[in-house]
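Here's the structure we're looking at; comments come further down.
Because only heavy atoms are used, hydrogens play no part in the values below, and waters and symmetry mates are left out as well, while side chains stay in. Chain letters run A, B, ... following the sequence lines, proteins first, then strands; residues in each count from 1.
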4 protein chains.
Amino acid sequence: MNKEERIIESAIEVFLEKGIEKATVSEIVKKAEIAQGTFYLYFDSKLSVMPKIAEVMVEKILEELSQNVDGESIEEEIKSVIDTIFNITKEYKSLTTLIYSGLTQTQYVGDWEKIYAPLYDFIEQLLIPRKNNGEIRETVNTAFISKILIGSIESLAEQMYLYDEASEENVIEYKEELFTFILKGLK
Amino acid sequence: MNKEERIIESAIEVFLEKGIEKATVSEIVKKAEIAQGTFYLYFDSKLSVMPKIAEVMVEKILEELSQNVDGESIEEEIKSVIDTIFNITKEYKSLTTLIYSGLTQTQYVGDWEKIYAPLYDFIEQLLIPRKNNGEIRETVNTAFISKILIGSIESLAEQMYLYDEASEENVIEYKEELFTFILKGLK
Amino acid sequence: MNKEERIIESAIEVFLEKGIEKATVSEIVKKAEIAQGTFYLYFDSKLSVMPKIAEVMVEKILEELSQNVDGESIEEEIKSVIDTIFNITKEYKSLTTLIYSGLTQTQYVGDWEKIYAPLYDFIEQLLIPRKNNGEIRETVNTAFISKILIGSIESLAEQMYLYDEASEENVIEYKEELFTFILKGLK
Amino acid sequence: MNKEERIIESAIEVFLEKGIEKATVSEIVKKAEIAQGTFYLYFDSKLSVMPKIAEVMVEKILEELSQNVDGESIEEEIKSVIDTIFNITKEYKSLTTLIYSGLTQTQYVGDWEKIYAPLYDFIEQLLIPRKNNGEIRETVNTAFISKILIGSIESLAEQMYLYDEASEENVIEYKEELFTFILKGLK
DNA sequence: GATGAATGAGGCTTCATTCAT
DNA sequence: CATGAATGAAGCCTCATTCAT
């Protein structure tokens, strides 16, 4: 792993452990086993790592989605998307929120859309054939709905894992409710 | 306005302007026109203002919702809820995200659920009669769906106003798509 | 002595000991026996102490001049001025050069003229009566000559004490040559 | 231009732009278009370039003086010397002060005298024949006076160009006053 | 000789927090 | 209760210097 990648990996860990506020460059470099000054050869500041983290995060989500989502019906696909996003949220806990809020606090806010685009695109590419074969209603605007879908799944997953510290049973029930809701919303 | 309220108001402004990271107690007290030390008579630290900010925020949302949402049909009510949450998000931009992430970074994470409860409850109280009179499907779990609704509306609104810097036209289209989606999801 | 004065005094000592380059705020505050942060309540940076140091320096020179220079003739006065400036240069060695160069390196260059003004004025006030009573030539522009006098005395003194590390005998000879030169220049 | 010369030239530029304090080796090498490490093949440290800069500076002054100063009378010569030193000071602004103070801050202080010697010598060689032919008074100690002359001209020039930011008119008047003063001082 | 990525010491500066008034 | 000058810990960041290539 080269220096830049090591910084990004360490930054993710430290941000998750400490939160943006309490995360320090010193700790990131310690974890990455590089010198303090080396950090500044690659990044301007702690927050400027955020867009790169976001990219890595999106890559991971996409990877997972690609592996898991290839159902025979829209039902199976939606189920897989929900499961995947819930699992990743569980694994990376507050990372998404951190990225959101990290980007918000910098000049990189605008980058967000660009970084997330492939994710929205992936979902849209799932929906289009389903719309064409009539599995979902014709009036669906696939581009718009893909944002709505991801948003609603992510926000519920964060609710569950970050704030409610919900039991796994509870999560299952919520996921089912969400599944039904989305499916009806699309049909 | 008493000192505590002045601190909360100033804190909101400063957090919005600078983000959590760069917000300082010095600036909060300057804006509140009180002395450095006075801050610590009311709050333990910068982040401990967060739960109070969240309460204020939720109060404002509730107030707005109470004023605007009293439609004759579920359609009108959903429309009003969407409009209200979009408007508040537009006005307070990243505040919700800040609160999320601010709470995440402290021991107050657990408080979130408690603070947001009245909001979920408000939505649930809207849904229950509609479910009883058959306007929405019987299988809806009102408690669960209220979280899903708020989450999906908020997340789309944030997308629009924080990241995409979407045009007002675009926002209208998205809101319509969301409206249809939610409505079908509930029926 | 209040904090600001203590900072200035310490800064002078440290600058003299270490030079501008190697002087550190840390050492200044250590010498002043105040906290690191306190420094920044009074000054923006190490170099921003320079104008204040310059003021103190000019005050000291003026004080010395006032005490020593009150001769019966222009000859005695010039002699005293030379002696005084030489003595102060000897005592404070490179301080003047430091101030020059310190000011040059900051936005405070313009302040120099203002700070030195009383010194030029003092000399001019010496010259005016001597010009009126014919001790010095009528064509002397007192304002201009006062700058020239101070400059030439200071620069020779610095030569002697800073660079040549001249013997006291040598200094005496130079002072006499300078005295004769100035006197003839004025007559 | 070989690497060493390129370093010296760049160092001069950077010192003039940033001052000793803020000048960095990084910037010097960037301007010289050589690698970081190459600097240390030629110089020990940032300040160790100073004596070389001083030499270059003195060479330039001597060159200018040689070209311009060859008047028929002491009057013309003094005028040329004043003009030349003023012009160089105008062009290189604070460079002399920087060199002074740069040398002061290092072990190279002693070098100054040695480096400046040719300059004093040049002036002395001007004065000797004038003393012999009676144009200037016999009591003049040419070695001493040459230091005094250069010092007083330089210090006034610095006053004008560095601190007062004097208008060109004003400069002319000062130069005339200085000229008269020096001439009378020598006669 | 020349390079430039990497180092890490250490100065700068901020800022939460205290406490005498 | 309120103040705000003072504190000093601690993070940021630079930059002279090294060294493997």
Side-chain angles (χ1 to χ4, degrees), chain A residues 2-4 6-7 14 18 20-30 32-48, chain B residues 2-4 6-7 14 18 21-30 32-49, chain C residues 2-4 6-7 14 18 20-30 32-48, chain D residues 2-4 6-7 14 18 21-30 32-49:
Chain A
N2 67 28
K3 299 266 152 90
E4 189 181 359
R6 265 157 62 190
I7 292 173
V14 176
K18 301 287 179 80
I20 297 177
E21 178 76 7
K22 299 252 174 78
T24 65
V25 173
S26 320
E27 200 172 349
I28 293 171
V29 299
K30 214 172 80 190
E33 291 179 323
I34 56 166
Q36 189 85 356
T38 307
F39 179 91
Y40 293 93
L41 295 177
Y42 295 93
F43 296 98
D44 286 341
S45 71
K46 150 179 119 176
L47 285 178
S48 70
Chain B
N2 67 28
K3 302 255 154 116
E4 188 182 359
R6 267 163 54 195
I7 292 174
V14 176
K18 299 288 179 77
E21 179 74 10
K22 301 245 175 89
T24 63
V25 173
S26 325
E27 204 171 346
I28 293 171
V29 300
K30 213 172 86 190
E33 291 178 326
I34 57 167
Q36 253 339 67
T38 308
F39 179 92
Y40 292 91
L41 298 175
Y42 296 92
F43 295 98
D44 286 342
S45 72
K46 175 170 94 177
L47 285 178
S48 70
V49 191
Chain C
N2 67 26
K3 300 265 152 89
E4 189 181 359
R6 265 158 61 191
I7 292 173
V14 176
K18 301 286 179 82
I20 297 177
E21 178 77 6
K22 299 252 175 77
T24 64
V25 174
S26 322
E27 201 172 347
I28 294 172
V29 299
K30 213 172 79 189
E33 291 178 325
I34 57 166
Q36 190 82 357
T38 306
F39 179 92
Y40 293 93
L41 294 177
Y42 295 93
F43 296 98
D44 286 340
S45 71
K46 152 178 120 177
L47 285 179
S48 70
Chain D
N2 66 29
K3 302 257 151 111
E4 188 181 357
R6 266 159 58 192
I7 292 173
V14 176
K18 301 287 179 78
E21 178 75 9
K22 301 244 175 89
T24 64
V25 173
S26 325
E27 204 172 348
I28 294 172
V29 299
K30 212 173 85 191
E33 291 176 327
I34 57 167
Q36 260 324 78
T38 308
F39 180 92
Y40 293 91
L41 298 175
Y42 296 92
F43 294 97
D44 285 342
S45 72
K46 177 171 94 177
L47 285 178
S48 71
V49 191

Q) Does F:dA5 have a Watson-Crick or wobble partner in any strand here, with both distances under 3.5 angstrom, and which is it? A) E:dT18
Q.
For B:Ala23 and A:Tyr42, find the nucleotide of DNA chain E closest to each by heavy atoms; which residue's nucleotide sits nearer the 5' end?
A. A:Tyr42
Q: Return the value, rounded to whole Å, for the distance between atom CZ of D:Arg6 and atom P of E:dA2.
A: 10 Å
Q: Just call it for C:Phe43: base, sugar-phosphate, or nothing, with non-hydrogen atoms closer than 4.0 Å on any strand.
A: nothing
Q: Return the minimal non-hydrogen interatomic distance between D:Lys46 and C:Glu21, and the atom names on each side.
A: NZ-OE2, 2.7 Å
Q) Please give, in whole Å, the distance from E:dG10 P to C:Lys46 NZ? A) 15 Å
Q | Residue whose closest nucleotide on DNA chain F lies nearer the 5' end, B:Ile34 versus D:Lys22 | A | B:Ile34
Q. Does the side chain of B:Val25 reach to within under 4.5 Å of the side chain of B:Tyr40, using non-hydrogen atoms?
A. yes
Q) So how far is it from C:Glu33 CD to C:Ile7 CD1, rounded to the nearest 0.5 Å? A) 13.0 Å
Q) If you draw a 6.0 Å radius around CG in A:Asp44, do more than 12 non-hydrogen atoms from other residues or ligands fall strictly inside? A) no
Q | Between F:dA6 (C1') and C:Ile7 (CD1): distance, integer Å | A | 11 Å
Q | Spacing of D:Thr24 atom OG1 and D:Lys30 atom NZ [to the nearest 0.5 Å] | A | 8.0 Å
With 3.5 Å as the limit, what N/O pairs link the protein to nucleotides 18-21 of chain F?
none

Q: Quick one: list whatever passes ring pair (Phe, Tyr, Trp, His ring centres under 6.0 Å) with A:Tyr42, sequence neighbours left out.
A: none
Q: Starting at atom CG of A:Leu47, determine the distance to atom P of F:dG11, rounded to an integer number of angstrom.
A: 16 Å
Q | B:Glu33 CD to F:dA2 P, straight-line distance once rounded to whole Å | A | 15 Å
Q: Just call it for B:Asn2: base, sugar-phosphate, or nothing, with non-hydrogen atoms closer than 4.0 Å on any strand.
A: nothing
Q: Assign A:Thr38 to base, sugar-phosphate, or nothing according to its heavy-atom contacts below 4.0 angstrom with the strands shown.
A: base
Q) How many Å lie between CD1 on A:Ile20 and P on F:dG11, as a whole number? A) 17 Å
Q. Would you say C:Lys3 reaches F:dA6's phosphate, i.e. side-chain N/O to OP1/OP2 under 4.0 Å?
A. yes
**Q.** Length of the CD-C1' vector between D:Glu27 and F:dT14, whole Å
**A.** 13 Å
(Q) Using the side-chain heavy atoms of B:Ala35, tell me which of these nucleotides is nearest: F:dG4, F:dT17, E:dG4. (A) F:dG4
(Q) If you only use heavy atoms from C-beta on, which nucleotide in F:dA6, F:dT17, E:dT17 is closest to the side chain of D:Val25? (A) F:dT17
Q) Taking atom C1' of E:dC15 as reference, at what distance in whole Å does atom CZ of B:Phe39 sit? A) 12 Å
(Q) For D:Ile34, is there any backbone N or O sitting under 3.5 Å from a side-chain donor or acceptor partner on D:Thr38? (A) no
